[in-house]
Protein chains: 2
Amino acid sequence: MIRVVIAEDQKMLRGALTSLLKLEDDIEVVAEAADGLAAWDAIMKYQPDVCLLDIEMPSMSGLEIAEKLKQVKNMTRVIIVTTFARPGYLQKAIDAQVDGYLLKDEPIDFLIEAIRSVKRGERVLSTDLAAALFLKEVNPLTEREMDVLRLAKEGMTTREIVSTLFLTDGTVRNYLSSAIQKLEVTTRQQAIEKAKNNGWI
Amino acid sequence: MIRVVIAEDQKMLRGALTSLLKLEDDIEVVAEAADGLAAWDAIMKYQPDVCLLDIEMPSMSGLEIAEKLKQVKNMTRVIIVTTFARPGYLQKAIDAQVDGYLLKDEPIDFLIEAIRSVKRGERVLSTDLAAALFLKEVNPLTEREMDVLRLAKEGMTTREIVSTLFLTDGTVRNYLSSAIQKLEVTTRQQAIEKAKNNGWI
DNA sequence: AGTTTTTTATGACAGGTGTCATAAAAAAAA
DNA sequence: TTTTTTTTATGACACCTGTCATAAAAAACT
């Protein structure tokens, strides 16, 4: 019997997955969680064989849970189930050594098969994503450019960045400008977006 | 037997819903669609009793389908199933006289019950949303302010808006400024966002 | 060691963005 | 009709944003 914990904030999908997994003879859903913290608690409490983690959840993301599980050397296998094919997410998932990364665009049967596969110790990846890994670009940004972009990401204005990093107004804008050009976009918002997508900041 | 068409672009959820609805004795899923056009074709072909429409789909949104169905006086009952509780979406759904508006945060059983209810001619609304309708603010924008915001929404720069509406540079920025203030935000992007959310542009 | 390349830093510049004071025109109220 | 209010319009102002030319400092290469 494969014991599974499901963490997914959208009730309809969570309920549907649970109902369908229960129909499988070899799978048992031991707990459901609607947010990251609840998911963590459930995994600690039930020590399931496999956990399905959505990435974008309240209080703790699925990726954070995966990292923490790795840190405490918990043996629960992790399958990330997400809408997003962002290279940044995928990279973080690989760094956290997750056992599977599936898109919600896959059919349920694929998920069920994936649960059995990871239980056997195999790794599972949505087909589209294998290509995404090869297409991954290298980070063209310097340390300083990333610093500035990171602060800009938090919604800081140029002036606030200036006083945080002890630079002049012009210098900060200069880093942003070169980041914008290197990322081949035209505004700082787009630069933040792209850098975030690729897991560079 | 209640004949149902399901339109939802996310395969995992679509498949899960179909599987679960098939378990109900009085419901039959006659077709699935992964995008708006396919959904429209399926509804035309099968003339189901009820159709479940996601809003954000490729090629045609669920709201557009609902409007078109109303225009051609098709008798299929419409249930919108969406992640978003935006007042603007809800308003458009009401204008299109849909029979139900459910959030994906509802449990499946609620959806199943909703299908039976609308088939009987009743209307169904997610509980949180009833309140949203009362909280709806009135549109504080003038005709001209909406014109400008609409063009800004399409990504036009101030200059492009100027030559489209035959105004001066200053005037356009003035409309944007007053719109920004009326909407109690600080940038044109936020103004566009809020006006869109409320269905004002 | 010296040379080249990359990174870090600065300020000047052009252009965009939002606010303001002001006023004519149109609509509503008296 | 006159007065008041609202809408539409303008240009001036301060500030923000992205680019550029330029240069010192650091790192990599010969």
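Below, read A as the first sequence line, B as the second, and so on, with proteins coming before strands; counting in each chain starts at 1. No hydrogens, no waters, no symmetry mates; every other heavy atom, side chains included, goes into these values.
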Report task. Rounded off to whole Å, could you give me the CG-to-P distance for the B:D169 and D:dG11 pair? Result -> 10 Å
Query raised in the report: Looking at C:dA9, C:dT8, D:dG18, which one has an atom nearest to any side-chain atom of A:L167?
Result: C:dA9
Requested in this report: Ignoring the backbone of A:Y175, work out which of C:dA9, D:dT7, D:dG18 is nearest its side chain.
Outcome: C:dA9
Query raised in the report: To the nearest Å, how far apart are A:I161 CD1 and D:dT17 C1'?
Result: 12 Å
Query raised in the report: How many Å lie between CE on B:M156 and C1' on C:dG16, as a whole number?
Result: 17 Å
Query raised in the report: Rounded to the nearest 0.5 Å, how far does CD1 of A:I55 lie from CG of A:D9?
Result: 12.0 Å
Query raised in the report: Is any side-chain N of the basic residue among A:D54 and A:K104 closer than 4.0 Å to the acidic one's carboxylate O?
Result: yes
Query - Candidate nucleotides C:dT10, D:dA9, C:dG18, ranked by approach to the side chain of B:R188 - the nearest - result: C:dG18
Query - Pair partner, C:dT7 [Watson-Crick or wobble, under 3.5 Å] - result: D:dA24
Query raised in the report: Taking the side chain from B:E28 and the backbone from B:V30, do they hold a donor-acceptor pair closer than 3.5 Å?
Result: no
Report task. Nearest whole angstrom, please: distance from the P of D:dA9 to the CG of B:D147. Result -> 10 Å
Query raised in the report: Relative to the 5' end of DNA chain C, which residue comes earlier, A:R173 or A:K182, by the nucleotide with the nearest heavy atom?
Result: A:K182
Query raised in the report: Can we say A:R116 and A:E113 salt-bridge, meaning some charged N sits less than 4.0 Å from an Asp/Glu carboxylate O?
Result: yes
Query raised in the report: Can A:K182 and A:E145 be counted as an ion pair, charged N to O under 4.0 angstrom?
Result: yes
**Report entry** Under 4.0 angstrom between A:T157 side-chain N/O and D:dC16 OP1 or OP2
**Finding:** no
Query raised in the report: Can a side chain N or O of A:T158 be found less than 4.0 Å away from OP1 or OP2 on D:dC16?
Result: no
Report summary line: From CD1 of A:I180 across to C1' of D:dT17 the rounded distance in Å is 8 Å
Query - Distance test, side-chain N/O of B:T186 to OP1/OP2 of C:dG18, below 4.0 Å - result: no
Query raised in the report: Should B:R150 and B:D147 count as an ion pair when the cut-off is N to O under 4.0 Å?
Result: yes
Query raised in the report: OP1 or OP2 of D:dT19 sitting under 4.0 Å from any side-chain N/O of A:S177?
Result: yes
Report task. Look at B:K11 together with A:D105 and state whether they make a salt bridge at an N to O cut-off of under 4.0 Å. Result -> no
Query raised in the report: Atom CE of A:M146 and atom C1' of C:dT8: how far apart are they, to the nearest Å?
Result: 14 Å
Query raised in the report: Considering only side-chain heavy atoms of B:Q181, which listed nucleotide, D:dT10, C:dG18, C:dC20, is closest?
Result: C:dC20
Query raised in the report: Charged N to carboxylate O under 4.0 angstrom, A:R3 versus A:D49?
Result: no
Kindly give the atom pairs (protein nitrogen or oxygen, nucleotide nitrogen or oxygen) under 3.5 Å for nucleotides 23-25 of chain C.
none

Query raised in the report: Within the modelled atom types, does a donor on one side and an acceptor on the other bring the side chain of B:N174 and the base of D:dT10 under 3.5 Å apart?
Result: yes
Requested in this report: Please determine if a side-chain N or O atom of B:R159 lies less than 4.0 Å away from the OP1 or OP2 oxygen of C:dG16.
Outcome: yes
Report task. Grab the CD-C1' distance between B:Q189 and C:dT17 for me, whole Å please. Result -> 12 Å
Query - Integer-rounded Å distance: C:dT7 P and A:E143 CD - result: 11 Å
**Report entry** B:T171 side chain near D:dG11 phosphate (N/O to OP1/OP2, under 4.0 Å)
**Finding:** no
Query raised in the report: Is B:T168 near enough to D:dT10 that one of its side-chain N or O atoms lies under 4.0 angstrom from OP1 or OP2?
Result: yes
